[in-house]
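Written below as structure tokens is the structure these notes are about.
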Amino acid sequence: MKPLAKNLDLLQLEKQILQYWKKKVIYNQIKSKEKGKDVWRFIDGPPYTTGSIHLGTAWNKILKDYLIRYKRMRGFKVTDTPGYDTHGLPIEVQMEKELGIQNKQEIYEYGVDKFIQNCKEFAQKNLKIMNKQFKRLGCSFWDWDNPYITFKNSYIEGIWWTLKKAWERGLLYQFYRPLNCCPRCATALAKHEQEYKNVIDTSLFLKIKAKDMENTYFIIWTTTPWTLVANTAIMVNPMEKYAKVYIKDLDEYWILSRNAVTVFISGQLDYKYQVGDILYGEELEGQRYIHPLIEEVPYQKELSKQSEKAHSIILSDKYVSAEEGVGLVHTAPGHGPEDFEVGIENNLPIFNPVSIRGIYKDEAGQFEGQFVFDANEHILKILEEKGTLIVTSEIEHEYAHCWRCDSKLVYRATRQWFFKTESLVPKLLEKNEEIYWVPDWAGERWFKSWLTTLKDWCISRQRFWGIPLSVWICDNEDCNDITVIGSGVELKEIAGECPEDLHRPWIDAVMWQCKNCNKGTKRRIKDILDVWLDSGSVMWAAQEVYDGHNHYDSWIPADFIMEGKDQIRGWFNSLLCSAMVSSDRKNYNSCYMHGWVLRNNEKMSKSKGNFFEPEDLINGTLEDLKKNKSYSRIKGIETFRYYSLGATQPGRDLNFNVKEYADTFRTINTIWNVYLYANQKFRLSDFKPSKHAYDINALNKTDLWLLSKLNSTINTITILADEYKLPWITEALHDFIVNDISRWYILLIREKIDVYSEDPSKFQVMALLYKVLFDVLLLLAPINPMISEHIYLYMFKSHLDAFNLEEKDSIHLLDWPDVNRDLIAEDLEKQMEFSKELIEVARSLKNQNHIRLRWPNKKLIIESTEKLPELEFTETIKQLVNVKALEIVDSFTPDNNFVSIESKYGKVFLDLRVDDEILSERIVNDLIRNIQYSRKKNQFNVGEEISLDICVNADFLKQYVEQQKELISDKVSAKDLNIGVPEIKENENIVSERLNICPNPKCCASLKANIIKKLDTGKDVQCPYCSMSLSKNNIKTISFGFERAS
RNA sequence: GGGGGCAUAACUCAGCUAGGUAGAGUAUCAGUCCGAUAAACUGACUGUCAGAAGUUCGACUCUUCUUGCCCCUACCA
């Protein structure tokens, strides 16, 4: 058994272990061990290849790593392929920045092929960096050399398979409808790619002139003046009441909802008015109005020819409420989903004069070429000049922004491809019920609520770096036949060719003569796919790396996935939708949702300056760590691993707090201390694990208690891990190691396993402790794989025969400990709890009466009540309270010799009487303690022999010391011991000290330095233990001096 | 607008599913113990369990409402 280092240096330890794992190729050994075992199918949600991981990503991988290691120890073959998400806007935007490109057109000019190549290289470069970062977290035994990567051809084909399946099942379609588009990125975005932020906009009230009513105006309100260009109707609610109001100040009539009259006209505008006719909305239907921008947008005249309902009042009880605004709603079917819906119902033209870049097209008349948000002000001015504008005000509201570039989004009608997910909602909800969620409310509330409001999933994007839609359409307008391709092989069969790289622009070049009409050419639509479909299809698209084949049809659902709460609308959503759309079944059975990592309850972000990376923890460069001297020692990742596993409940955010983090290090240090302590004792006594076994039948109750606790703990943690209740695992482990082993069991067996101990059960106890520490180390292994490996290598590796196990190079090649239910004795555990409480009470009693714990007392008496259980651990109680006898009596009447304290179980009495034996032990224990302290202070090794002289200036003291001569020699390893020397010699080799003793022969307490100091000042001083008056002259002394024995 | 989460000691958080005298760690103070390191232990201290109402013999726990912080969602015309 090799000696453990006294000081725990995690940084160095971690480096060594990572090196060791590499050198011994432990990962390969794990893979061989796993062969043929049952599979636990874990699927890694792919992080995006942005180039560096933040603390949240680290946390995510660490939690996953715990379960991977745990499941392996439980005998499973674990799918450990990590993944990377590589496509999509984030990288495109990054590339554009690097290349100094401003917009989409410039990408064409730069060359799409080169652009794609750049994106790919960028992703690959980042992937390597991230691989390294993840491995440094101790997540070593994943298949880092073969991650699934979404830009690979086999992966792309997997997505094509999804498209084809959805097409065959009638769940893929194209449609023209308003969608939020990012003007900068020039693409449509799906629901999950929009982020709502507060913005301040100008809202305006307009009066729109009625065509067939004299001097009458319709009042509308809007926050988006730019959509007025495409206005084709005004909606009213047929069931609500509207008023025709005479405005005296202007001498004209306004029509608005009756509710709004007072608030708006007199409240906001302060006009005098008179309410005229009250009519229901339906009575207004068909009333025509003059479009407010009819001169500026001549195309509007065309529209009114196209549809008789254009520029008239239409009805909607669904989307118009008289409670809000003025009860009349400006309607632009090309710029809003509701407007669109009502527009279609009323056969209105869907007018969209805005390009995908947010710029007005020629149909917008004099606004052509203007960016819509810039046009707002222009339009406002025109309306003002025309006298159409009534009033403007600022309004703060939430508005959708691009998830990547933060641009304000533009609602515009566009032709896109969709999955019919809305129609699947009932089925999706049904499947969700079958998923085991941790926490349960992630599924029962959050995901359910998300699914309930699901719309059709827009999967097409007008960009470059992504998976091309495998949709080819015949360019003959009479035919327009559509072919959806499901694989590279199929493409080759049909088109006769298949590019080596399936990305744009190469795929765009593939075309063939249409076999439907034999006239046109089948050309691919230029779109690429929503990047969320990439990861959503991982179950089959990554089969090549997971299972070594590409039979997409036979995909296997994941047993377990785990991601952050943002994936409710992200991956959890895209996974389930992809699976249901393509295969009508669900693709994950259990799902753990964790929160985000916060710093002081705020989201970590670079702009806020509260951002840090895992490396800052590893290297100890985090400001808060450097600032505090005692924290500066905390380095490495193991503390964070332990901390982050238990720091918060499932689904909740992890609020990183330096103090808590440092406390965790204390726990780890205590764990280390336990092993260090055992390691020292084992080595000093030459304990041989394979030679010294314990006999279960010879164990005493304390030992059996420990075994019971051990098995209870294994049982608890096993259940927690199996149910993915991760945060409670460290709590259970901490309780056992710190409370039960470190603070209690070791305290109880200290004497037995000390070097000088001749206790017959010494090695038996050591063997038991060794076994318990081994099992505990196994429980710790998935949490702190590096610390536990280190301890394993130093203390256990060469001695596994003691447990009938073969020697293995790594603790991570061993199995999870079994629970031995026969050893769980609940009554024993309860008894120990009770004894602990009793000991605490009795110790507190001694404390109150100034009796040092190392001073024995004659007797402890417990006055029994009904609540008092039968005492099992009487010896333990006597030992830890340091009393010679323990009595339980039905009733007791104390005299002056007793002090008492109330406890839960009855009154406790302590006998204060002293005799020679008690006094002798009192003095000698104090003496020994002082000699030991001096030895330690002067760097004497444990067991190193000394020559000891003791000089006493009172006969009664000398006698007491003499009585315990042997004990003294034993405890302090004195080869020669002379008691009663006339004086202590002085030279540089001799260590000497003096104890000052209370002169009261019934007290004999050794007095602390501060008492003597007080005496020197001439004050009246009393012995704090017996209250006798002290003076410089009456103090007795015991002096000792020792040197290394020759 | 809709939905959800959180609110417990000076700090960080358990406890709430199944209602029965409020817990842990840290911090502070006092002390103890120790050949386990910057180790360990004990005691003391601090709580209107955010507020209000209800159900109940009894509410931190269940119900409703209010307040504050946070998150998700939505077309706010």
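Computation of the quantities below employed the complete heavy-atom set of this structure, encompassing side-chain atoms and omitting hydrogens, waters and symmetry-equivalent molecules. Keep in mind that what you see is a predicted model, and the values were worked out from it rather than measured. Just so it is clear: chains get the letters A, B, ... in the order the sequence lines come, proteins before strands, and each one is counted from 1.
Among the protein residues, A/L8 comes within range of no part of the nucleic acid, since none of its heavy atoms lies under 4.0 Å from any strand. Within 4.0 Å of A/K846, counting heavy atoms only, lies no atom of the nucleic acid at all. Among the protein residues, A/V755 comes within range of no part of the nucleic acid, since none of its heavy atoms lies under 4.0 Å from any strand. Note on A/T331: nothing from the nucleic acid sits closer than 4.0 angstrom, heavy atoms only. Nucleic acid contact class of A/F940 (heavy atoms, under 4.0 Å, all strands): base. Heavy atoms of A/L676 sit under 4.0 angstrom from at least one base atom. Note on A/W441: nothing from the nucleic acid sits closer than 4.0 angstrom, heavy atoms only. Among the protein residues, A/R569 comes within range of the sugar-phosphate backbone only, with heavy atoms under 4.0 Å from sugar or phosphate atoms but none that close to a base.
Atom name C1', nucleotides B/G25 and B/U67: the rounded distance is 30 Å, in whole Å. To the nearest whole angstrom, the two P atoms, one in B/G5 and one in B/U17, are 15 Å apart. B/A7 and B/C60 have their C1' atoms separated by 12 Å, with the value rounded to a whole Å. Taking atom C1' on both B/U61 and B/C6, the two are 16 Å apart, rounded to the nearest angstrom. Distance noted for atom P between B/A22 and B/A27: 27 Å (whole Å). Nucleotides B/C69 and B/U46, compared at atom C1', are 25 Å apart to the nearest Å. Using C1' as the reference atom, B/C49 and B/A24 are 16 Å apart when rounded to the nearest Å. The separation of B/A30 from B/C13, taken at their C1' atoms, amounts to 27 Å, rounded to a whole angstrom.
For A/W728, the side-chain atoms get nearest to B/A14 when compared with the rest of B/A14, B/A36, B/C34. In the set B/C76, B/A14, B/U32, the nucleotide with an atom closest to the side chain of A/Q649 is B/A14. The listed nucleotides are B/A36, B/C34, B/G25; the one nearest the side chain of A/D663 is B/G25. Nearest to the side-chain atoms of A/K681 among the listed nucleotides B/C34, B/A36, B/U32 stands B/A36.
Phosphate contact (OP1/OP2 of B/C34, side-chain N/O of A/K936, threshold under 4.0 Å): absent. Look at A/R445 and you won't find any side-chain N or O under 4.0 angstrom from OP1 or OP2 of B/G4. Residue A/S449 has no polar side-chain atom (N or O) positioned under 4.0 Å from OP1 or OP2 of B/G2. Note on A/R843: every side-chain N or O is 4.0 Å or more away from OP1 and OP2 of B/G31. Dashed line: the shortest gap from a side-chain N or O of A/R666 to OP1 or OP2 of B/U26 is under 4.0 Å. The phosphate of B/A74 (OP1 or OP2) has no side-chain N or O of A/Q194 nearer than 4.0 angstrom.
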Take A/N655 and A/T648 through the side-chain contact (heavy atoms from CB on, under 4.5 Å) test and state the conclusion after the steps. CA-CA 8 Å; A/N655 185 21; A/T648 189; over 6 Å; no

Take A/K635 and A/D9 through the test side-chain contact (heavy atoms from CB on, under 4.5 Å) and record every step on the way to the result. CA-CA 8 Å; A/K635 291 182 182 174; A/D9 179 348; 5.9 Å; no

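A/W532 and A/N573 are not linked by any side-chain donor-acceptor pair at a separation below 3.5 angstrom, with hydrogens and angles left out of the test. A donor and an acceptor atom, one from each side chain of A/N938 and A/Y933, are nowhere located under 3.5 Å apart. In summary, the side chains of A/Y319 and A/E341 do present a donor paired with an acceptor at a separation below 3.5 Å, with no hydrogens or angles considered. For the 3.5 Å distance criterion, the side chains of A/T227 and A/R412 fail to qualify, holding no donor opposite an acceptor. Counting only N and O atoms by type, the side chains of A/N180 and A/Q194 include a donor and acceptor under 3.5 Å apart. With 3.5 Å as the limit, one finds no donor-acceptor pair spanning the side chains of A/T876 and A/S835.
Of the residues in residues 650-660 of chain A, those with a non-hydrogen atom less than 4.0 angstrom from any atom of RNA chain B are A/R652, A/N655, A/N657, A/K659, A/E660.
With a cut-off of 3.5 Å on both pairing distances, the Watson-Crick or G-U wobble partner of B/C69 is B/G5. Across all strands shown, B/U21 forms no Watson-Crick or G-U wobble pair with both key distances under 3.5 Å. Pair assignment for B/C34: none, as no Watson-Crick or G-U wobble contacts are both less than 3.5 Å. For B/A52, the paired base is B/U64 (Watson-Crick or G-U wobble, both distances below 3.5 Å). Both distances falling under 3.5 Å, in either a Watson-Crick or a G-U wobble arrangement, place B/A10 opposite B/U26.
Rounded to an integer number of Å, the gap from A/I839 CD1 to B/U42 P is 11 Å. Note: OH (A/Y933) to C1' (B/A39) measures 14 Å, nearest angstrom. Regarding A/W450, its CH2 atom lies at a distance of 17 Å from the P atom of B/C71, rounded to whole Å.
The cationic group of A/K565 does not satisfy the cation-pi geometry with A/W446, failing either the under 6.0 Å distance to the six-membered ring centre or the 45° limit from the ring axis.
For NZ of A/K408, the number of neighbouring non-hydrogen atoms (other residues, nucleotides, ligands) closer than 6.0 Å is greater than 12.
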